[in-house]
Each structure stands twice: as C-alpha cells, then as structure tokens.
Amino acid sequence: MKRKAASPRKTAAPFSSCFADTEVLILEDGGISPHDISPMRAGLLLKKIEQHGGTAEVIPANEVLEGRLRAREQRDSKLSRATHVVLSKSLEGKVPALVERLRREKNKDTNENGTIYAPLPLTVGRSCQVVSPDWVSDCLLHRQLVDPRPYLLSLDRAERNEGGDAYTEAATKREEAAEPTAGGTKKARLSHPSASTPTVVSPTHAAIEARLAPFSDLDPTTRDAFFAYGGPLVLSKPFSASFPKFACQRPAPAQHPNRHLTPLFEDLVEMYGLGVGDKERETAFGRVLAVLRAWPWKVRESKELKGIRHVGGSMRAVIEEILMTGRCSRLEKLREDSSHRCLLDLCRVHQVGHATARKWYEAGYRSVAQIQADLKRAEETGDGEEQAGGEVERYLGSTFCTSQRPSMEQLLGILFVDEYSVKMTRCQVAALEGIVREAALKALAARGLGAETLLLQTCGGYLRGKALNGDADVLVSCTQAQGQAGLREEIKRIMQEDMGIDLLILKEGNTMGGFASKPTHEKIASHDNMLTLIKHEGFYRRLDVISPPPDQWAFCVLGWSGSKQMEKDLRDYADEQGLHLSQQAVFRETKRLTNPKSIDGVFHSEEDVWEFLGLKYLPPRLRCA
DNA sequence: CGGCATACG
DNA sequence: CGTAT
DNA sequence: GCCG
C-alpha cells in the first residue's frame, strides 16, 4: 500500500555520474556461463551505465563475429569512438580467430554468389580499452571510474600474426591505448566524474527499448517485465547465477520466449500426472516448466540452464532433444502405450482423476465415448421415463462394481464432458462476473449496504490475462463482516430465483460462516464457496463463487489467482521464511507446531502480503509460471 | 533417502 | 480421492 | 526427477 509501484527514481537523483564522458560498447555473446555476457546481463550493464551518466551500446557479438552487419563503416566508427569495450572473458583473444574463420566461410559463399565480403575490421579507437564486465560492476560499486588496468582484455591475443591487416592494426591501437592510460590521459579521465558533468539524465524507457531492439528473440513483454521488476538480479553475476529459486520471485508473462519448449513440457506434466500416475515426476516436470516460462529469452542450448534449480541432467536431456529435433521421444513412448491414452481420455470427466480412471479402465472402459454410448443404450432399453432411470441404475450396477460406480457428479461430468472443455473468451468471463455482481449488489442492498461495500474480483487465469478460460473464479465479499455472512448463499438464491438463471450446483461449501478447525491451526472462518455450472449463451459454464470474510480478502485473492506453481512456490518460500501461508492468513512458526499464532496486522491487498513475505510484488499477469 | 503446497468436500 | 489455485 |  505504501509502495508506489515503480517510479521513485524520476524525482530523486540517486545515481552517480561515474560514467560521465564514457562511451561503452558491450559485446553481448548470448552465453550464460559465468564469463559470458547474456542479453539480459548486457541489458543490465547498459542500463546501469546510462543511469550513471554514461552512454552505452550493446552489440550482439554474433553480428561482429558472423559479419552479418552490412553497415561496416558504421560499426567501425562506433568501435573507434568508444572509450571502452566490454568483452566477456570467454571471448578474450578469440575474436579475430572467429572473425577470420567466418570471413573465410563468407568468402566461400560469396564466390558462388559473386558478391565480395570485405574482412571485418576490428579497429578500436586510440584511447579505447577492452575490459571485462567486472570493471563496470566495480565502477558502480565504488561510484567512480575505477582503474581499468586490472580488467584489461585483448581482442586478439591468441592469433596476433595470423589475421589480416585489420587485426594487427587493432592490436597496435589497443597497445597504444593501453600505454597512455597509465599516464596522464587516464588520470584525467579518472578524476573527471565528481568534478564536472553535473546533470544525470536518466534514460527514458523508450531509449532503453530502442537500444535493446537488436534482440529480436528477447520477448518484449519478458524484457519489460524483467526491467520493471529489477528483482534479485545482480549485475556482477551472470544471469543464471541470479535466477531466483522460487517462481514467486520471477516474473512470468503469458507470452514468453520459450514456447518452442513449454507445450511438450505441459504434455509431460499431464502425462505423468494423469496417465502414468506419478505425481512426483509430475511436480518435477512442472517445476522445470515454470523455469522455462520465466526464462527471459529463447533457450538455444540445454546447457544454458545448467545450475538452475530443478533443471538436472535428464531434464536438460529432454530439452536438448526438443531443441535438436522438435520432438520428445520420452513423451512419444508414453503416448504409444494405449492404456495411457485411455486414462487421459477418461480423466476428461469431471471428478475423475488418475485413480478413478484406472479403476474404470480395469473395469473394461477405454473411453468416455464408450461409457456415453453404453449409458444411452441402457436408457433406450427402458420404456418410460421412470424406467429409464431404473435401467441406467441397473446398468451402472452391473458394469461398475459398487466402489467404482460413478457418483452423481461424475455422471454429470460424463454427460457434459464436451461442454466442460469449451473455453470462454474474456468477454464471456466478464459477463459471468457481471451476473454475480448484479446478484451480490441486490443481496447487499437488501441488507441496507451500498455498492461501495462490495468486494468483487474475478481471479484465476482471467486475472492473469489468459485469453481463453475454462472457468470463472469470482470472489465476493463485503467490507462489513455482517454483509459477508451468508452472502454466497444469498447470491445463489437471487441468481436462481430472482434472475431465473439455470444453475447446476456441483459443490457447496459450508454456509453461514462455519468455522473450520484444523488440528494444527487456530480456528478461523472458512471460505464460503460453490462450484456450479451456469447456463450462459447456450453453454453450461463452470463458475466458482467464493466468499471469504473481509479480513481474509487479500489472502484469498492471492490464493485464487495462481498459477498453481506460483501458489506452490509462494508456500515453499513462506516456509523457508519460517512462515505459513494459506488462503486465509499467514502464520508464524512452522506448520508442525501445535499453536501457531495468526499474524497481527492488517492485510488489505495482495501487495501487503507480498511485502510481508519479503517478496517484490508481482502483478497477476506476471504470475503465469 | 525423505519430501515434494495446501485446504476442503 | 476429487476439486480449486 | 531433483534437492537438501
């Protein structure tokens, strides 16, 4: 609440001008090992340099190395003008060799095409220094330009003689550059910042955007998310070392750059959960899926993910295979097994999970369609309407033994199996929200409470911005506790009786503010909720209405907003902090202790909860992990 | 080698 | 064991 | 399957 989202930096001027009069070229190499400069790291370096009064530019090393840049003069002039070139240690001394190799390849190409590629010049300006990224970090640390000498790298140490004129020229210039720095020039520059150069111009978002434009495969949403988020990224470390342990510490937008990987991982999660029935494997793949959804650029080699929590050897092997072939043999092998296919099909029925599906499978059922057909046949054999039910009953009794007979809810699930799979657009979800709102307002008005006391929020995938939703999760409460008591029940009545809405109630929670006792926890009022099928625009839609007491509002919204992995990781994270998080409250002490106390204090909004947990707030749309 | 999120019907 | 996130 |  006290937090002001993201713009305190414009008013204050918290940045030094330690990079004043420096023009830095950063060679981004796309790598991820400790000595590489990943696009994200390059972006951070650039941002920091600009924030501290310098100018900087990121050049994808590939462009230099592969000679992809046509505008050779432009590149050259940039290199000559720069005061510093930031180069990863892993590329030290290798640049000319790579350039040379690529030049030869290009020339081979060009002989066929008839075009001639000139060798790329790698001349750096007279007083330009080639340094490792640590130099930037340390300048920031000390708030001044530090002596670059300990950080100097060579572009060409390895192959000085071999290359053409351009390389030796570069080498000479670099040495020329190194010499005077030891003397006067450097001193002048090093003493520079504090003295002159007053105003620090913080670069606009658009400016940063423009500078980062070359990274076409770095999804803009993700990039924005990371820059806006800031988070635990540490400039002096490579990105993989800063990648947070928990999903709740990393922004994950719906449109992420690794959609060449995630669909297959989604299938693996489903297959292990419902098909194979191995929930440990399911969680393992689910965690990697969450990593991929938060990884800010396109993964090109599985080793980029080395060292990331939950991504071990076999996970990287799966990723590598998908990257190489676009397929996952492991998944395909599982899909070949017809029993897995049948189980997945049977699990489409509401109230049927892996265990029930397996029972039905063992009873001889191979698909939902088969059950539907059998039910229909049983219905037809009976004559009158009354008999029909009896036939179905008899049929069910004869084919399913008592323990595995479908419940009423499962029967509904079998009948509505296709309807269940139809997704809603955001408009349609909003329409359902409108219906609940109307009913809620009527209910409150009947108690003499105005619209301003209504708390209403549709959560779930809708709140996270999903375009298509399987259901609508509408949370309803009232700022006045007496307005909330029994509200959900009243909403149901109004929808059915006053508004004439066709509602099939699948499940109803304890009504009228009953108290749920957990053995390990303090008693607190439980949510009043219902799961229904609501007829809307000709379809039965799944509608969840949840009504928590007002003091639980923030926790409830957080708990119903997802994603599932976010919720899991929020709880894991809370545990690590010695806290316990639920949809009702936060608790001190671990869950094992018999008498944990509810935290004192008021949590009005989701932000309050994130802040209390010591987490940087992630808006719902960045919780798509 | 145990644990893997949590609560509720 | 099922549902919800 | 991975982590502590």
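The structure displayed is predicted, hence computed values, not measured ones. The sequence lines fix the lettering, A, B, ..., with proteins before strands; numbering per chain opens at 1.
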Tell me what [X] touches on the nucleic acid: a base, only sugar-phosphate, or nothing, going by heavy atoms under 4.0 Å.
| X | answer |
| --- | --- |
| Arg330(A) | sugar-phosphate |
| Ser561(A) | sugar-phosphate |
| Asp569(A) | nothing |
| Arg287(A) | base |
| Arg623(A) | nothing |
| Val352(A) | sugar-phosphate |
| Asp278(A) | nothing |
| Gly313(A) | sugar-phosphate |
| Arg464(A) | sugar-phosphate |
| Leu463(A) | nothing |

Of all the choices, [options], which nucleotide is nearest to the side chain of [X] once you look at every atom?
| X | options | value |
| --- | --- | --- |
| Lys564(A) | dA5(B), dA7(B), dG4(D) | dA5(B) |
| Phe285(A) | dA4(C), dG1(D), dG4(D) | dG1(D) |
| Asp572(A) | dA4(C), dC1(C), dA5(B) | dA5(B) |
| Met315(A) | dA4(C), dC2(D), dT6(B) | dC2(D) |

Quiz item: Under 3.5 Å, is there a donor-acceptor pair between the Ser240(A) and Glu304(A) side chains?
Solution: no
Side-chain N,O ([X]) to OP1/OP2 ([N]) below 4.0 Å:
| X | N | answer |
| --- | --- | --- |
| His527(A) | dT3(C) | no |
| Arg571(A) | dG3(B) | no |
| Thr283(A) | dA5(B) | no |
| Arg542(A) | dA4(C) | yes |

Practice problem: Between dC2(D) and dA7(B), how far apart are the C1' atoms? Round to whole Å, please. | Solution: 26 Å
Quiz prompt | cation_pi(Arg309(A), Phe246(A)) dist<6.0 Å, angle<=45 | solution = yes
Practice problem: Could you tell me whether Arg287(A) and Asp569(A) have a side-chain N and a carboxylate O separated by less than 4.0 Å? | Solution: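 Result for this pair is no, no salt bridge flagged.
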